[in-house]
Amino acid sequence: MKNALILANWKSNKTKNEAKTWLEKVSIVKTSLDLEVVIFPPFTLLETISSYIKMNSLPFKLGAQNVSQFDSGPYTGEVSAKQIKEYADYVLIGHSERRANFKETDEMIKNKVEKTIDQGLFPIVCFSEMQQLDQLSNKDIILAYEPPGAISTSGPNASAADPNSVSEFVKKISDNFPVRVLYGGSIKSENIKQYLNLENISGVLVGGASLEPSSFTQVLTNAS
Ligand code: PGA
């Protein structure tokens, strides 16, 4: 049985009530895969969701969408890995929206990975080109390959990348980086299976289709 990671990246969406409704409605479906479902809510919801998961023994894990490249201290507006550790197991690092909108560099991403690992959290590093990995020497990471133009909100022509080219690209990465690699970009219930079936893909990152409980439940159903 393949163990697959399914990440729900909520981006800058949802209030407390909306998050609770989502948790009430999304059910983990029995699939032929062993699914680990990780929710990446905004920072403001980590505590609420973490308590709700514990109280109701829900089979979800939690992740943060970003982390400070510094330790705790005088960095207004930043959230450190030590603070995240109180609620989450995973940290998303270097998402293309952060690289583009907040000018995150490979150097910053490397620092974030180090802070995350120092706290015993799992960094999931998003990238679209091989050279973005050049500064990463640590192999205790998970990679998320998100090809340009594949993210559903990236433009009018956005579409999921061809699974065969994803597979070939990821095979090349495995030579340098013997780590788990996920695919992200326009994953929906209709196409999830094609990506999870790829031998060298260990899971998927779902953005838009993770927001509505019904569409995300369908994504999980079709993962089998
Ligand atoms: P999408 O987002 O599923 O809406 O394409 C994926 C992502 O931003 O990681």
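Remember, it's 1-based here, ligands and their atoms both numbered in the order they're listed. Bear in mind the structure is a predicted one, so any value in this text is a computation, not a measurement.
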Q) For Lys188, is the nearest heavy atom under 4.0 Å from an atom of ligand 1? A) no
Q: Taking only heavy atoms of Gly208 into account, list the atoms of ligand 1 that are under 4.0 Å away from them.
A: 1 (P), 3 (O), 4 (O)
Q. Got Tyr90 and Leu62 here, is their nearest side-chain heavy-atom distance under 4.5 Å?
A. no
Q) Under 3.5 Å, is there a donor-acceptor pair between the side chain of Asp34 and the main chain of Asn3? A) no
Q | For atom 3 (O) of ligand 1, closest protein heavy-atom neighbour | A | Gly207 N, 2.8 Å
Q: Look only at interatomic distance and state if Glu146 has a nitrogen or oxygen under 3.5 Å from any nitrogen or oxygen of ligand 1.
A: yes
Q: Any atoms of ligand 1 less than 4.0 Å from a non-hydrogen atom of Lys11? List them with their elements.
A: 2 (O), 7 (C), 8 (O)
(Q) To check your reading of the model: name the closest protein heavy atom to atom 1 (P) of ligand 1, its residue, and the distance in Å. (A) Ser152 OG, 3.4 Å
Q.
Suppose I only count heavy atoms of Leu205 and a 4.0 Å limit; which atoms of ligand 1 are within that range?
A. 9 (O)
Q | Donor-acceptor under 3.5 Å (Ser186 side chain, Ala150 main chain) | A | yes
Q.
Looking only at distances, can you tell me whether any N or O atom of Gly185, backbone or side chain, sits closer than 3.5 Å to an N or O atom of ligand 1?
A. no
Q: Considering non-hydrogen atoms only, spot the tightest contact between Ala158 and Ser152 and give its length.
A: CB-O, 3.6 Å
Q. Are Glu199 and Lys171 ion-paired here, with the side-chain N under 4.0 Å from a carboxylate O?
A. no
Q.
Tell me if the aromatic rings of Phe60 and Trp22 count as close, with their centers under 6.0 Å from one another.
A. yes
Q | Test: Lys82 and Asp71 ion pair at under 4.0 Å | A | no
**Q.** Ile151 near ligand 1 by a heavy-atom separation under 4.0 Å
**A.** yes
(Q) Pairs of nitrogen or oxygen atoms closer than 3.5 Å, one from Ala209 and one from ligand 1: do any exist? (A) no
Q.
Please check: side-chain N/O of Asn101 versus main-chain N/O of Arg98, any donor-acceptor pairing under 3.5 Å?
A. no
**Q.** Atoms in ligand 1 with a heavy atom of Ser186 nearer than 4.0 Å
**A.** 1 (P), 3 (O), 5 (O)
